[in-house]
Amino acid sequence: ALQFVSKKSDIIITNSNYLKRELLDYGISEDKVEVVYNGLDIEPHKPRLINKKAALTLINIGKIMPAKNQLDFIKLIAELSINDDCRGIIVGQASDRAYYQYIRNYAEDHKVSIEWAGATPDISKYYERADILVSTSLSEAFGLTIAESFLYGCPAFAYAVGGIPELFDETQKHRFLSKMNTPEALIEIIRQYLAQPGAEVQMRYVSEHFSIEKQVKTVESIIERLCP
């Protein structure tokens, strides 16, 4: 199917270099593939100040399914709760009902404090409520919620999978990304961040590189090249 699309197309646009490499592995010619990132139309907020005297609120946003791996988020909250006052919020539609029931039972059996927000048209209020966003996805083409979170002033932590590393300034990757896909590894970098907070550099990077204006200009330049 991809080869058919390639033959019928002048250009294939994808939203990360990670996906571009996937297409090249399928035999698509490199000169036919362009990367245009998801454009964000969010006015950057001030960096979130974490109140160390209050409970730490962590959110996970995405469809509830094995690939999004919310079970690791629940395990992370459980582990953090041993020594810290924290709670988790899971925002997203239960796309896989069996998986949803499994992780909900796990949370209840292990007495993990989770708010199940379900699907919502207004995710912004959850970004604004949270101190930290945690993505436990095992595969992401881009990682939209991570980029959005930084623009809301909420630092985001994730496994370094798929296109997610492309969202980060090189100097900031070690602060927010875990090379190991385990809750324990994420907890380590979260605790390091809490000991020395600060997300201004990464917030500025997201604002400058993933604005909707920048992506529109990229699309326009592609069209101009194809239709001189």
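Computed from a predicted model, the values in this text were never measured in an experiment.
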As a quick check of understanding, evaluate side-chain contact (heavy atoms from CB on, under 4.5 Å) for Arg87 and Glu115, giving each step before the final call. CA-CA 8 Å; Arg87 59 179 181 150; Glu115 176 184 336; 4.2 Å; yes
Show your working on side-chain contact (heavy atoms from CB on, under 4.5 Å) between Arg129 and Ile89 and close with a plain yes or no. CA-CA 10 Å; Arg129 280 180 59 190; Ile89 303 174; 3.5 Å; yes
Does the pair Thr14 and Phe142 meet the rule for a side-chain contact (heavy atoms from CB on, under 4.5 Å), with working shown? CA-CA 10 Å; Thr14 184; Phe142 179 72; over 6 Å; no
With side-chain contact (heavy atoms from CB on, under 4.5 Å) as the test, would you mind laying out the steps for Lys214 and Tyr37 before giving the verdict? CA-CA 9 Å; Lys214 184 178 179 66; Tyr37 291 112; over 6 Å; no
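Leu58 places none of its side-chain heavy atoms less than 4.5 Å from the side chain of Leu133. For the pair Val91/Trp116, no side-chain contact is recorded, criterion being any heavy-atom separation below 4.5 Å from C-beta on. Between Ile164 and Tyr159 the shortest side-chain heavy-atom distance does not fall below 4.5 Å. Contact annotation: the side chain of His174 never approaches that of Leu177 to less than 4.5 Å [non-hydrogen atoms, C-beta and beyond]. Proximity of Leu56 to Asp85: side-chain heavy atoms (C-beta onward) are nowhere separated by under 4.5 Å. Using a 4.5 Å heavy-atom cutoff, the side chains of Val219 and Gln215 are not in contact. Within the 4.5 Å cutoff, the side chain of Pro44 has heavy atoms near those of the Leu151 side chain. No side-chain heavy atom of Leu167 sits less than 4.5 Å from a side-chain heavy atom of Val206.
Hydrophobic cluster of Leu19: the remaining members, joined at side-chain heavy-atom separations below 4.5 Å, are Tyr18, listed by chain and number. Counting side-chain heavy-atom gaps under 4.5 Å among Ile, Leu, Val, Met, Phe, Trp and Tyr, the cluster of Val216 also holds Ile212.
Going from atom NZ of Lys32 over to atom NZ of Lys20 covers 14.0 Å, rounded to the nearest 0.5 Å. In this structure, Glu184 CD and Ile187 CD1 are separated by 6.0 Å, a value rounded to the nearest 0.5 Å. To the nearest 0.5 angstrom, Ser207 atom OG is 9.0 Å from Leu40 atom CG. A distance of 13.5 Å separates CG of Asn15 from CD of Glu34, quoted to the nearest 0.5 Å. Rounding to the nearest 0.5 Å gives a distance of 11.0 Å between CG of Leu144 and OG of Ser135. We find the NE2-CG distance between His110 and Asn105 to be 11.0 Å, quoted to the nearest 0.5 Å.
Between Asp131 and Ala55, the shortest heavy-atom contact is OD2-O, 3.7 Å. The nearest pair of heavy atoms linking Glu166 to Phe210 is O-CZ, 3.5 Å. Taking all atoms of both residues into account, the shortest heavy-atom contact from Cys86 to Leu80 is SG-CB, 3.7 Å. When every heavy atom of Ser178 is checked against every heavy atom of Leu186, the shortest pair comes out as CB-CD2, 3.9 Å. What you find for Pro183 and Lys75 is that their closest heavy atoms are CG-CB, 4.1 Å. When every heavy atom of Asp169 is checked against every heavy atom of Gln202, the shortest pair comes out as N-OE1, 3.1 Å.
Judged purely by distance below 3.5 Å, without hydrogens or angles, the side chains of Asp122 and Ser124 pair a donor atom with an acceptor atom.
Among residues two or more places apart in sequence or in another chain, the salt bridge (Lys or Arg N to Asp or Glu O under 4.0 Å) test is passed with Glu224 by none. By the salt bridge (Lys or Arg N to Asp or Glu O under 4.0 Å) test, Arg104 is found to be paired with Glu108, residues two or more places apart in sequence or in another chain being considered.
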Could you list the donor-acceptor pairs under 3.5 angstrom formed by side chains in residues 60-69, with sequence neighbours left out?
unit_1	atom_1	unit_2	atom_2	d
Asn60	ND2	Val134	O	3.0
Asn60	ND2	Thr136	OG1	3.2
Lys68	NZ	Glu140	OE2	2.6
Asn69	ND2	Asp72	OD2	2.9
Asn69	ND2	Thr136	O	3.0

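Salt-bridge annotation for Arg191 and Asp84: present, with a side-chain N of the basic residue lying under 4.0 Å from a carboxylate O of the acidic one.
Side-chain N or O atoms of Tyr99 include one that pairs as donor or acceptor with a backbone N or O of Gln70 at under 3.5 Å. A donor-acceptor distance shorter than 3.5 angstrom exists from the side chain of Ser221 to the backbone of Thr218, with no hydrogens or angles considered. Distance alone, capped at 3.5 Å, is enough to place a donor-acceptor pair between the Arg175 side chain and the Gly198 backbone. Ser81 contributes a side-chain N or O that, together with a main-chain N or O of Ile77, makes up a donor-acceptor pair within less than 3.5 Å. Of the possible polar contacts, none joining the Ser9 side chain to the Ile11 backbone as a donor-acceptor pair under 3.5 Å is found.
Partner of Phe150 under the ring-ring contact (aromatic ring centres under 6.0 Å, His included) criterion, out of Tyr127, Phe176, Tyr205: Phe176 alone.
If you chain together hydrophobic residues whose side chains sit under 4.5 Å apart, Leu71 and Tyr100 fall into the same group. Residues Met180 and Leu138 do not share a hydrophobic cluster, defined by chaining ILVMFWY side chains whose heavy atoms lie under 4.5 Å apart. No chain of hydrophobic side-chain contacts below 4.5 Å, direct or via other Ile, Leu, Val, Met, Phe, Trp or Tyr residues, connects Ile222 to Val35. Hydrophobic clustering, with ILVMFWY side chains joined whenever heavy atoms are under 4.5 angstrom apart, groups Ile189 together with Ile132. When the side chains of ILVMFWY residues are joined at heavy-atom separations under 4.5 Å, either directly or via intervening members, Tyr106 and Leu76 end up in a single hydrophobic cluster.
Listed by first then second residue, pairs satisfying salt bridge (Lys or Arg N to Asp or Glu O under 4.0 Å) with a partner in residues 148-160 number zero, not counting sequence neighbours.
Taking the ring centroids of Tyr193 and Phe157, they lie under the 6.0 Å cut-off.
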